[in-house]
Amino acid sequence: MTQSRRPGTRSTAGRPSGTRTAARTPARGRPETGGPKRPSGTAGRKPAGSAGGTRGSGGPRKPSTRGRVTPPPTPREPVRLGVGHPRRRARVVFIASMFVLTLFVGQLFRIQGLEASTLAAQAVDSRIARTTIPALRGQITDANGVVLANSVERYDVTADPQNIRQYYGTEIGGKLQGDGFAKAATALSSITGAAPQDIVTALKQADAKKLRFVYLVRSVTPDQWNRINDLHIPGIYSERTVARQYPQGTTVAPLLGWVSANGKPGGGVEAIANGTLNGKPGVRTYEQAPDGTVIATGDQSDSPALDGNPVQLTIDNDLQWYAQNAIAGAVKKYKALSGDAIIMDVKGNLRAVASYPSFDNNSLASASPAALQSAPFVQAYEPGSTSKVITMAALLAQGKATPQSQFVVPNRLKRAGTSFKDSHEHPTLNLTLAGILAESSNIGTIEAGEKLDPATLYGYMRKFGLGSTSGIGYPGETAGILAPYQKWSGSTRYTVMFGQGLSGSAIQQASVFQAIANGGVREPVKLLAGVGKDGKLSPPQDSRKAVTVVSPQVATQVTNMMAGVVGKDGTAKAARVPGYNVAGKTGTADRYDPTLGRYNGQTASFIGFAPAENPQFIIAVTLQRPTAGSIYGGEVAAPVFSDLMGYALRRNHVPPSTAKTQEYPLTYDPKKSVGR
């Protein structure tokens, strides 16, 4: 039985039973509904009355699809689980967001919970700036309180070029006109005296390098800085500094030394007493903005600086000034290479230590290196005849001679293969020991001095201070050269008796005469009279002891012998001081030039004290390589001694001498003398 064909449908005849018809484009442009075809025959029919809505059924009927073609259903795409799938993307974004959020929460907990105080401190510290508050260095004064060195407050003017560019100073037509750097430089120059072009150059160079900091003017006074600050130039700032001032200038510069820009002492008293003079800097702490300006409401605190303590010297500024001018005049008059003058009291206190050439320690850049140190401490030279005083004192102390002992002094004397002579030719002379010293005879000194064995003579030289520094602690102080007697050559054994073949400083030579003036007791040389502590001056700690070199009787004998040096037959009549008895000794020695490596010129000196019967001051004058007028100590150094001694005695109201010192005969044949 064949299946009746519905109108509007296509026959399935000729197709295998149970197969599906491929989807075709439906008629009238409608899509097919798709779905399985019924199998041929009756096998696929629904029974009558079933809910199929087919013909003959008793139930409700489906709407007719006659004339329509129902396309088969479109197959569903399989679910792809790749990252690009919206659900997967959402899931990944959610997980990532939660992870990041967790990190933020953890970091927030760490910052605000666990490390809040630490991080807050770090944040504050990043804004904190610290500057040093300079400490004022202690004053240096003379024995009478006159200021020789002090520290003052100063300011260094600095700038931020990027801010200062906006400064023009003049408003024209509602607009600021002009070159900001030039205007600022002109304003600063009018107050400080600095060259405007130097300021402009510094600003431009810093600006080209994009620097936010540059120094413009150094060391202006507080008044100058206040006037600059009143200009309200944007970008102009200051740094507080301390400057060292020396009111006496060249008068005492080599003795005092200086302080460098970094606050370090450079020689002299500044170095000797640095531990006392130097203060302790303070620290200023404040918060600053990124542009460097101070945050007014931020934390600010100061650790104050502790200023240094004062130091008082034994120096008398008036004597120092007088001595400096006197020695400078002598150096110029005699066209000497250099010169120095020392004034010491009988107890070893230095009252003046002058040297020329000098320098101005207020303007160190212009100083000559050779003048920076005090020559009386650092310069060693062969003293010559001033050292004969040691030989005479040793002879008297050892009982080998008396002031009246007689010696035949020839024109030449051979010893150790060397022919010795005096400063000039003379016939054979008959001199006493006092006459040998007064006439400054080298030959007579050898004849007398060879009575002492080398060890004994060397021992007295050491007790008088040769071969050792003064113990003051002056930087670069020389101990001189005094070889042990075991190393003396044959000729050295004799030359040291009259001050050649050894060397020493002017301080050492002055100390020799101080011992004689002080009754045979050599006091330690002193420069510091007091050091400050807790607002009070106290004597400095000093472990040095006085040394008894000879007895008072021997010291008196030597003093009377030296009085003959300035007598009518002595070599230093120019050293006399009207109204006072003077004892002293000339010195004229060949000068060794270390630069040339040989002897070149002479060292002329005179050392003495007055009043001879009651000594108050010891004065040593030395000229190195005089070339005009004379080369002898009795003629170039003795007049300076007389001038200085007269001034020192009168200034200190020392009464004139009332009696002459004991006079020893200089010769047992008065008609004969060396003459010099």
Side-chain angles (χ1 to χ4, degrees), residues 140-144 146 148-149 246-257 268-269 313-334 336-346 348-361 371 373-379 386 470 472 474 505-511 513-514 517 525-527 529 574-575 577 580 582 584 587 603-610 615-624 626 633 636-652 654:
I140 301 175
T141 63
D142 83 337
N144 301 309
V146 176
L148 305 179
Y246 301 93
Q248 309 306 322
T250 60
T251 300
V252 73
L255 180 65
L256 293 184
V269 176
L313 305 184
T314 59
I315 297 296
D316 182 320
N317 186 59
D318 289 344
L319 290 179
Q320 179 73 29
W321 180 87
Y322 200 92
Q324 183 68 27
N325 283 278
I327 196 62
V331 169
K332 295 174 183 177
K333 178 179 179 179
Y334 298 107
L337 184 67
S338 63
D340 52 67
I342 298 169
I343 302 178
M344 179 188 293
D345 68 22
V346 73
N349 297 299
L350 291 169
R351 309 305 303 275
V353 182
S355 58
Y356 186 85
S358 184
F359 71 99
D360 187 355
N361 38 17
Q373 293 181 302
S374 182
F377 285 98
V378 303
Q379 188 176 65
T386 56
S470 66
I472 288 176
Y474 190 92
S505 68
I507 291 291
Q508 288 176 330
Q509 291 299 305
S511 183
F513 284 73
Q514 178 274 323
V525 178
K526 305 173 189 70
L527 179 59
V577 179
Y580 296 92
V582 175
T603 296
S605 62
F606 185 88
I607 309 175
F609 50 83
Q616 298 296 310
F617 297 106
I618 299 94
I619 295 180
V621 177
T622 308
L623 292 170
Q624 298 292 342
V636 301
V640 181
F641 167 90
S642 176
D643 183 22
L644 291 179
M645 183 61 79
Y647 177 77
L649 293 172
R650 291 189 298 271
R651 184 181 180 281
N652 287 273
V654 178

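In what follows, every heavy atom counts, from backbone to side chain, and hydrogens, waters and symmetry copies are set aside.
Annotation: side-chain hydrogen bond (donor to acceptor under 3.5 Å, both in side chains) contacts of Asn325 (sequence neighbours excluded): none. Every residue was checked against the side-chain hydrogen bond (donor to acceptor under 3.5 Å, both in side chains) condition with Tyr474, not counting sequence neighbours, and none meets it.
In terms of modelled atom types and a separation under 3.5 Å, the side chain of Arg650 and the main chain of Gly646 share a donor-acceptor contact. Gln248 places no side-chain N or O within donor-acceptor distance of the main-chain N or O of Ala253, the cut-off being under 3.5 Å. Panel note: side chain Asp360, backbone Gly249; no donor-acceptor pair is recorded below 3.5 Å. The main-chain N or O of Gly587 is never found under 3.5 Å from a side-chain atom of Thr386 such that the two would form a donor-acceptor pair. Formation of a donor-acceptor pair under 3.5 Å by the Thr314 side chain with backbone atoms of Leu350 is found in this model. Using a distance-only test at 3.5 Å, with no hydrogens or angles considered, a donor-acceptor pair links the side chain of Gln324 to the main chain of Ser355. Judged by distance alone, the side chain of Ser470 and the main-chain N or O of Val525 form no donor-acceptor pair under 3.5 Å.
With rounding to the nearest 0.5 Å, the separation of OH in Tyr334 from CG in Leu623 is 8.0 Å. With rounding to the nearest 0.5 Å, the separation of CD1 in Ile607 from CD1 in Ile618 is 10.5 Å. In this structure, CG on Asp340 lies 14.0 Å from OH on Tyr356, to the nearest 0.5 angstrom. For the atom pair CZ of Phe641 and CD1 of Ile619, the computed distance is 5.5 Å after rounding to the nearest 0.5 Å. Atom-to-atom distance recorded for Ile472:CD1 and Lys526:NZ is 9.5 Å, nearest 0.5 angstrom.
Scanning all heavy atoms of the two residues, the minimum distance from Pro376 to Ala354 falls at CG-O, 4.1 Å. The shortest non-hydrogen separation linking Asp345 to Gln514 is O-CG, 4.1 Å. For Ile343 against Ala323, the heavy-atom pair with the smallest separation is CD1-CB, 4.4 Å. Thr622 and Ile327 make their closest contact through O-CD1, 4.0 Å (heavy atoms, listed as atom of the first residue, atom of the second, distance). The two atoms that bring Val582 and Ala610 nearest to each other are CG2-CB, 4.1 Å, heavy atoms only. In plain terms, the two heavy atoms of Leu644 and Ala341 that are nearest each other are CD1-CB, 3.8 Å.
Evaluated for a side-chain contact (heavy atoms from CB on, under 4.5 Å) with Leu313, the options Val353, Asp142, Val269 yield exactly one hit, Val269. For the pairing with Gln616, the side-chain contact (heavy atoms from CB on, under 4.5 Å) check across Val654, Asn652, Val346 returns one residue only, Val654.
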Verdict with supporting geometry, Tyr580 and Met645, side-chain contact (heavy atoms from CB on, under 4.5 Å): CA-CA 10 Å; Tyr580 296 92; Met645 183 61 79; over 6 Å; no

Could you please spell out the steps behind the side-chain contact (heavy atoms from CB on, under 4.5 Å) verdict for Tyr647 and Leu319? CA-CA 8 Å; Tyr647 177 77; Leu319 290 179; 3.7 Å; yes

Assess whether side-chain contact (heavy atoms from CB on, under 4.5 Å) is satisfied between Asn317 and Leu148, documenting all intermediate values. CA-CA 8 Å; Asn317 186 59; Leu148 305 179; 3.5 Å; yes

What verdict does the side-chain contact (heavy atoms from CB on, under 4.5 Å) test give for Leu527 and Leu255, after you've listed the backbone C-alpha separation in whole Å, the side-chain angles of each residue and the deciding distance to 0.1 Å? CA-CA 10 Å; Leu527 179 59; Leu255 180 65; 4.1 Å; yes

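Looking only at side-chain heavy atoms (C-beta outward), Ser338 and Gln379 come within less than 4.5 Å of each other.
If you check the side chains of Asp643 and Tyr322, you find a donor sitting under 3.5 Å from an acceptor.
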